[in-house]
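Presented below is the structure to which this report refers.
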Amino acid sequence: MHRFSFFSCEEKRGWGGNINLTVRGITFYYDSIKALKDVGFELKKGEVLGIIGPNGSGKTTLLRCINMTLEPEMGTVLIDGRNILEMDRKEVARHIGVVPQSPAFSFPFSVFDVVLMGRTPWLNRFSWESSGDIDIARRAMEITGTLSLAARPIDELSGGEKQRVIIAKALAQQPEILLLDEPTLHLDINHQLEILELIKKLAKEKGLMVVLVSHDLNLAARYSDRLLLLKEGKIFSTGPPGDVITEEGIREVYGVGAEISFNKRTWSYIVVPLGSP
Ligand code: ADP
């Protein structure tokens, strides 16, 4: 039996509790390459943090350090004050759902099977999914609009459909924290908006904490409550989008001039790169 029902948990943990994520002083090397230096932030229930920065600035490495796929040389990740190094993989997966860049499947699993895999961290070693798990998977598919795809093989879906299925799988884990690595890569603009609207809605309505890596400054600025701009593995600036998306910041970090404006219809900052400063 599962301890709480999907999307209605106002008790204990899950999307009802006052959980927060604290990332402190993360430093990580790939052999001699320093990929991250002293990176940290805090995230509260319902917040979306956008991680931006040029290629190679450490965005993906940071996500991997947060869910301990990579173990940092220094630094800690605390979920509600608890160090995730004290948790085993399964427990980490009950707190943190990951939507990786272009996940590949070795077998043409059905969409339903893929989403149900999200329940694995909640299963005992020798147990099968219960009707409760199936209900949770179904609910995750409803929320992401993938229920009608349930019987389809995952490898036959379009990029946008597949991305929604991967998000459904992550939601079936019932995490408090969702890490997304370039979730709109390879998607056309209507699907980009659809995915990011969904993510923002989950954060606002369900209290999910979201860390969103994006190379798209305009989308990141539009859908994040706060941004963290990385330059060569270090935090260059962090704060509300208007504080981070500045002409000086873009010039310093990306080496290009840019015109920044505020769009009142999307209520967000828009960056137009102008070329070499
Ligand atoms: P981003 O996601 O911002 O493009 P990454 O986190 O992928 O940046 O990379 C940060 C730095 O670490 C870069 O200098 C990159 O070349 C290096 N790096 C990333 N992955 C590896 C790896 N597997 N082995 C060695 N160096 C790596």
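Atoms within a ligand are numbered from 1 in the order they appear, just like the ligands themselves.
Salt bridge annotation for Lys204-Asp225: present, with a cationic side-chain nitrogen under 4.0 angstrom from a carboxylate oxygen. With salt bridges taken as basic N to acidic carboxylate O contacts below 4.0 Å, one links Glu194 and Arg164. Ion pairing between Glu91 and Arg82 holds under the 4.0 Å rule for side-chain N and carboxylate O. Note on Arg251 versus Glu248: no salt bridge recorded, every NZ/NE/NH1/NH2 to OD/OE distance being 4.0 Å or above.
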Enumerate, one pair per line, all nitrogen or oxygen atoms of ligand 1 lying under 3.5 Å from a protein nitrogen or oxygen, stating the separation to 0.1 Å; write 'none' if no such pair exists.
from, atom 1, to, atom 2, distance (Å)
ligand 1, 2 (O), Thr60, N, 2.9
ligand 1, 2 (O), Thr60, OG1, 2.9
ligand 1, 3 (O), Ser57, N, 3.2
ligand 1, 3 (O), Ser57, OG, 3.4
ligand 1, 3 (O), Gly58, N, 3.1
ligand 1, 3 (O), Lys59, N, 3.0
ligand 1, 3 (O), Lys59, NZ, 2.9
ligand 1, 4 (O), Gly56, N, 2.7
ligand 1, 6 (O), Thr61, N, 3.0
ligand 1, 6 (O), Thr61, OG1, 2.5
ligand 1, 8 (O), Gly58, N, 3.1

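From Phe236, atom CZ reaches atom CG of Leu230 across 11.5 Å, with rounding to the nearest 0.5 Å.
Of the possible polar contacts, none joining the Thr146 side chain to the Leu149 backbone as a donor-acceptor pair under 3.5 Å is found.
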